[in-house]
*Asks:* 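First the structure, then my questions, so here it is.
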Protein chains: 2
Amino acid sequence: MSQLEQIKYYRSFQAGQTVIWSGDRMEFVGSVVSGIATLTQTMEDGRRQMVGLLLPSDFVGRPGRPVAAFDVTATTDLVMCCFRKKPFEDLMTSTPHIAQRLLEMTLDELDAAREWMLLLGRKTAREKIASLISIIARREASLHMKRAKDMLSVDLPLTREEMADYLGLTLETVSRQISALKKDGVISLEGNRHVSIPDIDRLLEEAGDDSDGGMLV
Amino acid sequence: MSQLEQIKYYRSFQAGQTVIWSGDRMEFVGSVVSGIATLTQTMEDGRRQMVGLLLPSDFVGRPGRPVAAFDVTATTDLVMCCFRKKPFEDLMTSTPHIAQRLLEMTLDELDAAREWMLLLGRKTAREKIASLISIIARREASLHMKRAKDMLSVDLPLTREEMADYLGLTLETVSRQISALKKDGVISLEGNRHVSIPDIDRLLEEAGDDSDGGMLV
DNA sequence: GTTGCTCTTTGACCCAGATCAAGCGCGGGG
DNA sequence: CCCCGCGCTTGATCTGGGTCAAAGAGCAAC
């Protein structure tokens with residue numbers, strides 16, 4: 001990786017700032033260092049669908065493709081580690097290991113996208129919300145194993161509207177379903193971003209997931 | 001590729017036969033030679049979502065993953081060209097070119113999956129049908145350039161129910177929307193599988209696609 | 001404190017698409 | 001030839017989630 005060290009640089013973005021517009025020439029690839037970014041598509045009439053959520057360590061960009069296919073937006077303050085595209089591609093052809101690692105990551109993303117297709121096409125609003133929370137919880141848990149006793153809790157890194165765009169719902173429906181899950185004791189809220197999960201199995205059941213497949217966002 | 005020639009073999013499946021069950025050990029990778037296969041997920045209660053449509057030349061399988069994540073089913077009689085997984089993986093590590101080609105294909109599939117997420121999350125039933133027909137038409141056209149004069153026509157390789165599973169609809173809605181598009185002169189039908197498209201731009205407009213992005217299935 | 005944001009919740013109503021339920025058309029087998 | 005089965009269409013009705021509208025809740029600037 002020492003050759004990569006030589007060509008890398010950092011870029012910072014403020015919350016709300018657009019990193020890349022769909023259709024732009026993409027002169028770099030990189031990965032998220034800190035903060036959260038989203039990958040979205042928008043139709044002419046404004047309908048929007050989030051197609052990916054980029055958390056720290058996630059890769060951005062497509063070696064071999066000149067223009068971006070989706071909008072990338074920072075939803076929190078964001079730091080990215082970037083490599084100019086050309087040198088990165090050269091390095092990739094000369095270092096097979098990198099292409100293989102990238103293939104592995106891309107296959108994981110593809111599986112995640114396909115899991116998401118099931119959610120978008122067939123799950124109810126309640127199941128969608130439960131799925132989103134459990135996925136965020138799983139990622140959080142795998143990162144810093146934060147659990148107070150056996151009570152799992154997470155911060156939702158997205159506004160209600162962003163969740164709606166991710167889940168193929170409206171923000172009102174997201175709000176209503178979160179309220180409903182709270183009323184039914186599946187989750188509890190402190191503020192409107194912090195969620196506690198008294199019983200993770202209950203939540204997974206609400207999500208309609210067949211057992212604990214290794215879905216990742 | 002001559003090394004690949006040495007380890008390849010063929011498998012045939014009848015229409016309706018399952019190629020691989022989700023969760024099965026996957027002892028081979030391969031690609032479709034002829035016929036059509038689908039990649040589907042099913043929830044315990046039977047709700048089904050198709051997450052991929054495999055046409056000739058499409059790759060099946062995941063180097064580096066022991067079990068299948070989705071059901072693969074032959075919807076027509078199917079011939080696949082297979083490679084036992086272990087030798088293929090060995091070959092991949094020793095032949096960088098293969099990993100790179102595979103990465104390219106996987107990135108294309110990822111883009112297609114993300115396009116499909118927009119369809120599933122945000123498009124209306126009519127737009128979904130129009131999108132499906134235009135995508136099949138585009139693939140057909142790129143394969144054998146079949147067009148009588150300037151009238152494009154395609155055979156739908158799927159039943160109404162399979163289309164419904166692909167689009168996140170019910171088969172009744174699929175049928176109704178196809179009838180509606182026919183009544184409005186956007187398409188015409190001969191039998192219930194063969195579609196003619198008098199005006200491809202009109203169809204693309206109905207699909208809600210922002211211009212002619214290179215979506216592939 | 002007040003003003004003015006943005007984000008969120010909640011209510012009332014509506015509609016696209018699901019569900020339930022007949023029928024139709026056509027190809028294969030007796 | 002008729003019957004049967006399967007894929008498809010069409011109608012009637014229902015409903016989950018969208019739409020429109022109003023109001024609370026933080027919170028930063030003044």
*Asks:* Under the ring-ring contact (aromatic ring centres under 6.0 Å, His included) definition, can you give me all pairs with a residue in residues 44-85 of chain B, not counting sequence neighbours?
*Replies:* B/Phe83-B/Phe88

*Asks:* Hey, does B/Met105 have a side-chain heavy atom less than 4.5 Å from the side chain of B/Asp108?
*Replies:*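 Sidechains of B/Met105 and B/Asp108: no contact.
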
*Asks:* Just N and O in the side chain of A/Arg193: are any of them under 4.0 Å from OP1 or OP2 of C/dT8?
*Replies:* yes

*Asks:* Anything under 4.0 Å to a heavy atom of chain A counts; send over the first and last such nucleotide of DNA chain D, read 5' to 3'.
*Replies:* D/dG17 to D/dC20

*Asks:* Which letters describe nucleotides 11-24 of chain C, given B = protein heavy atom under 4.0 Å from base, S = only from sugar-phosphate, - = neither?
*Replies:* BB----SSBB----

*Asks:* Salt-bridge test for B/Arg114 and A/Glu109: reply yes if a basic N is under 4.0 Å from a carboxylate O, no otherwise.
*Replies:*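 A salt bridge is present here (some side-chain N lies under 4.0 Å from a carboxylate O).
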
*Asks:* So B/Ser175, base contact, sugar-phosphate only, or nothing? Heavy-atom distance under 4.0 Å.
*Replies:* base

*Asks:* With no hydrogens and no angle check, just 3.5 Å: does a side-chain donor-acceptor pair link B/Thr173 and B/Thr170?
*Replies:* yes

*Asks:* Quick one: do A/Asp184 and A/Arg126 make a salt bridge, cutoff under 4.0 Å?
*Replies:* yes

*Asks:* Measure the distance from CD on A/Glu161 to P on C/dT8 and round it to the nearest whole Å.
*Replies:* 9 Å

*Asks:* Knowing that exactly one of A/Leu167, A/Asp209, A/Leu132 qualifies, which makes a side-chain contact (heavy atoms from CB on, under 4.5 Å) with A/Leu119?
*Replies:*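 Exactly one option meets the side-chain contact (heavy atoms from CB on, under 4.5 Å) with A/Leu119, and it is A/Leu167.
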
*Asks:* Taking only Lys NZ, Arg NE, NH1 and NH2, and the carboxylate oxygens of Asp or Glu, determine whether A/Glu205 and A/Arg202 approach each other closer than 4.0 Å.
*Replies:*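 Not counted as a salt bridge, because no side-chain N and carboxylate O are separated by less than 4.0 Å.
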
*Asks:* Check A/Arg193 with A/Asp155, please: is the shortest side-chain N to carboxylate O separation under 4.0 Å?
*Replies:* no

